[in-house]
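These notes concern the structure reproduced below.
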Amino acid sequence: MFGCLVAGRLVQTAAQQVAEDKFVFDLPDYESINHVVVFMLGTIPFPEGMGGSVYFSYPDSNGMPVWQLLGFVTNGKPSAIFKISGLKSGEGSQHPFGAMNIVQTPSVAQIGISVELLDSLAQQTPVGNAAVSSVDSFTQFTQKMLDNFYNFASSFAVSQAQMTPSPSEMFIPANVVLKWYENFQRRLAQNPLFWKT
């Protein structure tokens, strides 16, 4: 029903079923994992009105599992990428795996999937830094660079009455910089690689 993928490793499709509605994947050597992909195999859909909440569990210093909600998968959203590299030292959250007797070894983390009502999934709050940005790093960099340039240039803005004439300097009206900034943002949103043409 589910699959789990970590970069540089084989795809896992044999989840351990620990209860009628709960499945677990082991993630050995979890300290080296940054992202994990959880997906439905497409062979068995969720029953109508159901979906799967996805949890990450790692052993704390006492070897006890710490579970954190990452997000969910549904028939309408059959896969998700989660960033787990920053979660290995956080607080646990409420989870449906508490009463399970799941064996966990010190260097093995787990991904747990709990089949639940969609209404219940909508009310859950995943851990904040588990979601992977849908914007690539180049677009993020470009956006930050634009913001920084605009803020820097705007910090020197003066009104025409405040200007002192200086024949050796050129002045650019702030509205021209703002217009360029807005145009560049619009074009970047339409096509992040527009500057290559």
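Everything quoted here is computed from the prediction, not taken from an experiment. Scope of the values below: all heavy atoms of this structure, side chains included, with no hydrogens, waters or symmetry mates. Along the sequence shown, residues are numbered consecutively beginning with 1.
Annotation: side chain of Val176 is not in contact with side chain of Tyr181 (no heavy-atom distance under 4.5 Å). A 4.5 Å side-chain heavy-atom check between Ile172 and Val177 finds at least one atom pair inside the cut-off.
Ring geometry for Phe184 against Trp180 counts as tilted: the plane angle lies between 30° and 60°, on a 0 to 90° scale.
Distance check: Phe152 CZ to Asp147 CG gives 15.0 Å after rounding to the nearest 0.5 Å. Atom CG of Leu117 sits about 11.0 Å away from atom OG of Ser53, to the nearest 0.5 Å. Separation of atoms CE (Met145) and OH (Tyr150) is listed at 16.0 Å; rounding is to 0.5 Å. Taking CG from Leu27 and CZ from Arg9, the interatomic distance works out to 7.0 Å, rounded to the nearest 0.5 Å. Annotation: the span from Ser85 atom OG to Tyr30 atom OH amounts to 13.0 Å, rounded to 0.5 Å. Atom CG in Asp119 sits 10.5 Å away from atom CE in Met50 (nearest 0.5 Å).
Met40 and Phe23 fall within the same hydrophobic cluster, where Ile, Leu, Val, Met, Phe, Trp and Tyr residues are linked whenever their side-chain heavy atoms come under 4.5 Å apart, directly or through other members. Taking hydrophobic clusters as Ile, Leu, Val, Met, Phe, Trp and Tyr residues chained together by side-chain heavy-atom distances below 4.5 Å, Met1 shares a cluster with Leu70. With hydrophobic clusters built from ILVMFWY side chains whose heavy atoms lie under 4.5 angstrom apart, Phe156 does not share a cluster with Phe171. If you chain together hydrophobic residues whose side chains sit under 4.5 Å apart, Ile44 and Leu118 never meet in one group. Hydrophobic clustering, with ILVMFWY side chains joined whenever heavy atoms are under 4.5 angstrom apart, groups Phe56 together with Phe25.
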Passes side-chain contact (heavy atoms from CB on, under 4.5 Å), Val38 versus Tyr55? Steps please.
CA-CA 10 Å; Val38 176; Tyr55 291 85; over 6 Å; no

Walk me through it: do Phe2 and Phe46 pass the test ring-ring contact (aromatic ring centres under 6.0 Å, His included)?
CA-CA 11 Å; Phe2 303 107; Phe46 284 110; 5.7 Å; yes

Run Phe82 and Val37 through side-chain contact (heavy atoms from CB on, under 4.5 Å) and show every step you take.
CA-CA 6 Å; Phe82 302 107; Val37 179; over 6 Å; no

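Scanning both residues, Leu69 and Val54, for their nearest heavy atoms gives CD1-O, 3.5 Å. Here the closest non-hydrogen pair linking Val36 and Cys4 is CG2-SG, 3.5 Å. Here the closest non-hydrogen pair linking Ile113 and Gly52 is CG2-CA, 4.2 Å. Closest approach of Pro65 to Ser57, counting heavy atoms only: CB-OG, 3.4 Å.
A donor and an acceptor atom, one from each side chain of Gln124 and Glu116, are located under 3.5 Å apart. A donor and an acceptor atom, one from each side chain of Asp29 and Ser32, are located under 3.5 Å apart.
Side-chain atoms of Gln110 never come within 3.5 Å of backbone atoms of Gly112 as a donor-acceptor pair (strictly under, hydrogens ignored). Put simply, the side chain of Gln12 gets close to the backbone of Asp26: a donor and an acceptor are under 3.5 Å apart.
More than 12 heavy atoms of other shown residues, nucleotides or ligands fall within 6.0 angstrom of atom NZ in Lys77. Shown here is Gln162, whose CD atom has more than 12 heavy atoms of other residues, nucleotides or ligands within 6.0 Å. The local environment of CD in Gln190 is crowded, with over 12 non-hydrogen atoms from other residues, nucleotides or ligands closer than 6.0 Å.
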